[in-house]
4 protein chains.
Amino acid sequence: MQSKNKGEISFINKVRIRFVETDPLGIVWHGNYIQYFEDGREAFGRHHGISYLDQKEYGYATPIVKSSSEHKFPLRYGDVATIKTIYVDSLAAKMIFKYEIFNQEDVLVCTGETVQVFVDKIGEGDLSLTIPDFFKDWKQKVGLLNE
Amino acid sequence: MQSKNKGEISFINKVRIRFVETDPLGIVWHGNYIQYFEDGREAFGRHHGISYLDQKEYGYATPIVKSSSEHKFPLRYGDVATIKTIYVDSLAAKMIFKYEIFNQEDVLVCTGETVQVFVDKIGEGDLSLTIPDFFKDWKQKVGLLNE
Amino acid sequence: MQSKNKGEISFINKVRIRFVETDPLGIVWHGNYIQYFEDGREAFGRHHGISYLDQKEYGYATPIVKSSSEHKFPLRYGDVATIKTIYVDSLAAKMIFKYEIFNQEDVLVCTGETVQVFVDKIGEGDLSLTIPDFFKDWKQKVGLLNE
Amino acid sequence: MQSKNKGEISFINKVRIRFVETDPLGIVWHGNYIQYFEDGREAFGRHHGISYLDQKEYGYATPIVKSSSEHKFPLRYGDVATIKTIYVDSLAAKMIFKYEIFNQEDVLVCTGETVQVFVDKIGEGDLSLTIPDFFKDWKQKVGLLNE
């Protein structure tokens, strides 16, 4: 579902923790949160029309250039976690998202951020130094650009 | 290293078990053995000139159409396993490999088999119903075809 | 949802293919189907009261001793696959499941089977050579034992 | 091998990129670098006597509470990457490591950092607010504590 905070473009989805995602300590291995961030970002993207497959259609890929996570509490097998993915607006030719992951008791267990750049797959595969048209259009559509 | 059994084309390599590959039971999650089979097959392929990247150069991909594994004993974090990859010759347009995985005490812990087919990536992406030339050449090179 | 075939104990669930589960050929890496089998088996288990966590409560683990898969068509990123997990009854001290995975056009893309044994986690961690009581009770509950 | 920079405690190891670690863009999926960091940290740990299994013997686990990565260039299937793991000393009850990953042309492709805390597994599983004795001993052994 879409979040209701005014002016914030976000999306909330749920993910069931898989057995294979937990480690000998009985908790989710920290690297798997990067996967949950991607699950959240893609759920956001499908809802808001800016997913990997949407970008691909416009001739762009958006590789991750930066990623970070902070872990406050563990998740365990059997948990169903809630991922909140929040779009962070920027003037740069970048896509920035923040993530908040909650356990079933609604406790914040993990936060994170990713930064993506635009690579033109139709052209030379070059890094785009300006915001591509399709992303400007998207910003306008979701109310982030006013003219 | 290459195995010495007469008439058998095989290869032996070692793989260190990763923490993330073990599960809450403290043992390697069974699905990860499919990865070890691929590690073995690619080590075989690099040694014998028939790896994924070699096949790609010839314009072919070889997707797995069948795979099986039997688990006799577990592997744990900290173990260094030995993978023996054995080429199984066939008249069909297929690549078949058998695998034997041993723990540090040289106990056989897992066996498996994979079957791959040839897909022509230069043409229509079609399944090759006959053995591609590059694979015939390879068979000849390793002594499996005599004329 | 539960399947309707008479006398068959099965369960149907859906899984959305993740980006990370696809490989440079653009298709799901074959080893990931083992994960989908587990997704199906655990969905079956949660529905029918025989999941990993249920077993754990009874003091048992059920490691996989055999697993096989056959691949007929690929799955791609963006697909939502349907997994049918079918319980295969046996007189042995084993849990056997068959799997059928369908793509969005309802085409059967993959079949598989897994065999699990019972290990007593409260006792010595020994392999159980007879069917544990909790599993007999479960068989009775789902109508597989008549007395 | 151990690095020679004066006063720096580090370790260098190599990792061969696996097919399954690359994505449909043909490059290593960003989340897998977290695995390479762990590969580097554990190689460091085995060399310097402070690995996961060493910590476990002392009754401690050291879960990751923070992790970050920056990606400058991609790695591809077939690459053999070099991981440099650098211990970052701190007065806090934490283990901090920095990572530098290089491709075969010795180009820096990724940097990262992880922060771990100490959890007493013998006691109540509590977070240790002071540096555990075993880690003080280790610091002394590697020359980081002088009295």
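Letters A, B, ... mirror the listed sequences (proteins, then strands); counts begin at 1.
- Using a 4.5 Å heavy-atom cutoff, the side chains of B:Leu25 and C:Tyr52 are in contact.
- Atom NZ of C:Lys139 sits in a crowded spot, with more than 12 heavy atoms from other residues, nucleotides or ligands closer than 6.0 Å.
- Contacts between C:Glu38 and chain B at a heavy-atom distance below 4.5 Å involve the side chain alone, from C-beta outward.
- Neither the backbone nor the side chain of C:Tyr33 comes within contact range of chain B; no heavy atoms are under 4.5 Å apart.
- Heavy-atom pairs under 4.5 Å with chain C peak, among B:Gln35, B:His71, B:Lys56, at B:His71.
- Taking the side chain as every heavy atom from C-beta outward, B:Ile34 and C:Trp29 approach each other to under 4.5 Å.
- Around OH of B:Tyr58, the count of heavy atoms belonging to other residues, nucleotides or ligands within 6.0 Å does not exceed 12.
- The distance from the NE2 atom of C:His30 to the CD atom of B:Gln116 is 7.5 Å, given to the nearest 0.5 Å.
- Residue B:Phe73 does not touch chain C at all, counting heavy-atom pairs closer than 4.5 Å.
- Heavy-atom pairs under 4.5 Å with chain C peak, among B:Cys110, B:Ser69, B:Gly112, B:Pro63, at B:Ser69.
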